[in-house]
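Everything below concerns the one structure shown next.
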Amino acid sequence: MRGVVMYKAGDVRVEEREDPKIIEPTDAIVKLTATCICGSDLWPYRGIEPADHQVMGHEYVGVVEEVGSAVRNVRPGDFVVGSFVISDNTCEICQAGFTSKCVHAEFVSQTIGTQAEKARIPHADGTLVATPGQPDPELIPALLAASDVLGTGWFAAVAAQAGPGKTVAVVGDGAVGLMAVLAAKQLGAERVIAMSRHPERQKLARYYGATDIVEERGEAGVAKIKELTNGLGAHSVIEAVGTQESFMQAVGATRGGGHLGYVGLNYDVTIPGIELFFAGIHTLGGPAPVRHFLPELIQLIWDRKIDPGKVFDLTLPLDQAAEGYKAMDERRATKVLLTL
Ligand SMILES: [Zn+2]
Ligand SMILES: [Zn+2]
């Protein structure tokens with residue numbers, strides 16, 4: 001099969017890889033229908049994470065081709081959406097809703113690599129969720145978004161306790177930030193403030209439910225959020241970038257007793273304890289337990305109540321993955337869908 005391999009930072013190739021096979025009885029082989037490039041794939045692309053002939057990709061939808069002898073919940077022919085973290089969905093941590101910290105958690109990006117024609121998915125019963133039927137092709141981008149960015153944005157909004165009567169501020173206008181805007185709106189937030197400087201992304205944020213746009217960053221961004229909230233700060237703040245500035249902006253924009261949900265993958269962010277202490281806020285974040293939210297999100301997409309697929313603004317065949325990475329690196333694209 002063909003699949004993406006990152007030889008080293010900035011060097012992405014599509015080449016022949018070995019076809020995946022069932023190894024454990026709990027595995028499934030999925031023939032992928034579509035996959036995509038994630039903002040987090042730019043970390044190794046930019047040399048911030050090491051990459052040495054690394055298989056790439058962790059977002060995926062497709063049709064089950066084969067299942068191991070112990071798999072019960074999905075069968076060949078099912079159309080499935082999977083999370084970017086493998087989970088059994090049965091351990092105590094999963095049952096409590098935190099599937100990304102499952103005792104069997106494994107990152108799809110590290111060993112499986114779904115920017116490929118096929119993938120072996122361990123713990124298929126826990127990781128994969130079948131759609132109610134074969135989807136219309138127009139639903140594929142939305143279902144693919146559920147695999148990570150929608151699920152991550154949704155978790156961030158839940159972690160920030162976005163809901164009726166709340167003012168929600170979203171730091172970051174990448175795919176996850178935009179999905180967090182969608183989630184905050186769906187969860188019933190009264191006001192959703194998107195922090196963005198990018199005209200196209202501002203437009204999409206408004207489409208997904210942003211009521212206000214703030215272009216300022218850092219301390220000026222915090223001041224602007226306070227100005228819009230009677231000097232109090234937002235009830236719910238979502239951090240979807242992962243830099244020192246964006247994180248401190250998110251902490252500063254949260255009102256006392258408010259909630260901060262952080263999902264921007266961050267390296268080298270240091271949070272001064274004293275600032276967190278005096279902020280007096282609730283914080284919850286980490287790799288999103290997407291699997292926990294998948295049944296609900298798939299249903300919303302199936303019923304056409306949400307359209308997260310608009311977050312993909314460039315579609316390329318898998319063979320042109322290198323161009324997709326380049327476009328995202330240069331910020332010419334927010335998120336790239338790869339067709340198979
Ligand atoms: Zn991702
Ligand atoms: Zn588990």
Side-chain angles (χ1 to χ4, degrees), residues 4 6 12 24 26 32 34-46 48-49 51 54-61 70 73 81-116 119 121-129 141-156 172 174-180 183 240-242 262-267 285-294 297 308-309 311-314 321 324-325 328-329 333-338:
V4 170
M6 190 178 290
V12 170
E24 300 291 335
T26 45
L32 303 178
T35 181
C36 51
I37 304 172
C38 187
S40 65
D41 294 334
L42 296 179
W43 291 106
Y45 189 79
R46 290 172 176 162
I48 298 162
E49 265 177 21
Q54 172 72 40
V55 296
M56 298 298 297
H58 56 266
E59 293 153 82
Y60 55 102
V61 294
N73 299 344
V81 184
S83 160
F84 66 93
V85 186
I86 301 301
S87 60
D88 56 24
N89 210 30
T90 53
C91 73
E92 274 187 46
I93 308 287
C94 284
Q95 289 299 299
F98 227 98
T99 50
S100 50
K101 295 295 294 177
C102 174
V103 296
H104 290 115
E106 180 186 334
F107 283 94
V108 170
S109 56
Q110 277 164 5
T111 49
I112 298 162
T114 56
Q115 287 162 10
I121 304 299
H123 293 283
D125 275 344
T127 306
L128 301 173
V129 178
L143 291 166
L144 179 61
S147 182
D148 180 359
V149 286
L150 172 62
T152 296
W154 197 275
F155 165 64
V176 171
L178 292 166
M179 295 293 93
V241 184
Y262 59 97
V263 290
L265 180 60
N266 65 63
Y267 286 90
V290 170
R291 170 62 183 85
H292 176 68
F293 298 108
L294 270 183
L297 299 178
V311 83
F312 294 104
D313 53 358
L314 180 62
Y325 275 81
M328 280 180 62
D329 182 46
T334 306
K335 192 158 180 74
V336 177
L337 186 145
L338 299 171

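Whatever order the structure lists ligands and atoms in, that order sets their numbers, starting from 1.
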(request) Examine all N, O or S atoms of His104, backbone included, and report whether one is under 2.8 Å from the Zn ion (ligand 2). (result)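 His104 does not place any N, O or S atom closer than 2.8 Å to the Zn ion (ligand 2).
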
(request) Answer yes or no for Asp41: is there an N/O/S atom below the 2.8 Å cut-off from the Zn ion (ligand 1)? (result) no

(request) Give a yes or no on whether His58 keeps an N, O or S atom under 2.8 Å from the Zn ion (ligand 1). (result) yes

(message) Within rounding of 10°, what is the angle whose vertex is the Zn ion (ligand 2) and whose arms end at OD1 of Asp88 and SG of Cys102?
(response)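 Computed angle, vertex at the Zn ion (ligand 2), rounded to 10 degrees: 90°.
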
(message) With heavy-atom distances below 4.5 Å as the criterion, would you say the side chains of Phe155 and Ser100 are in contact?
(response) no

[X] side, atom [atom1]; [Y] side, atom [atom2] - distance, nearest 0.5 Å:
X	Y	atom1	atom2	result
Glu59	Gln115	CD	CD	8.0 Å
Arg46	Asp41	CZ	CG	11.0 Å
Leu144	Lys335	CG	NZ	7.5 Å
Cys38	Tyr325	SG	OH	9.0 Å

(message) How large, to 10°, is the angle at the Zn ion (ligand 1) when you draw lines to SG on Cys38 and to OD2 on Asp148?
(response)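 Here the angle at the metal atom is close to 130°, to 10°.
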
(request) Looking only at N, O or S atoms, find the one in Glu59 nearest to the Zn ion (ligand 1) and name it. (result) OE2

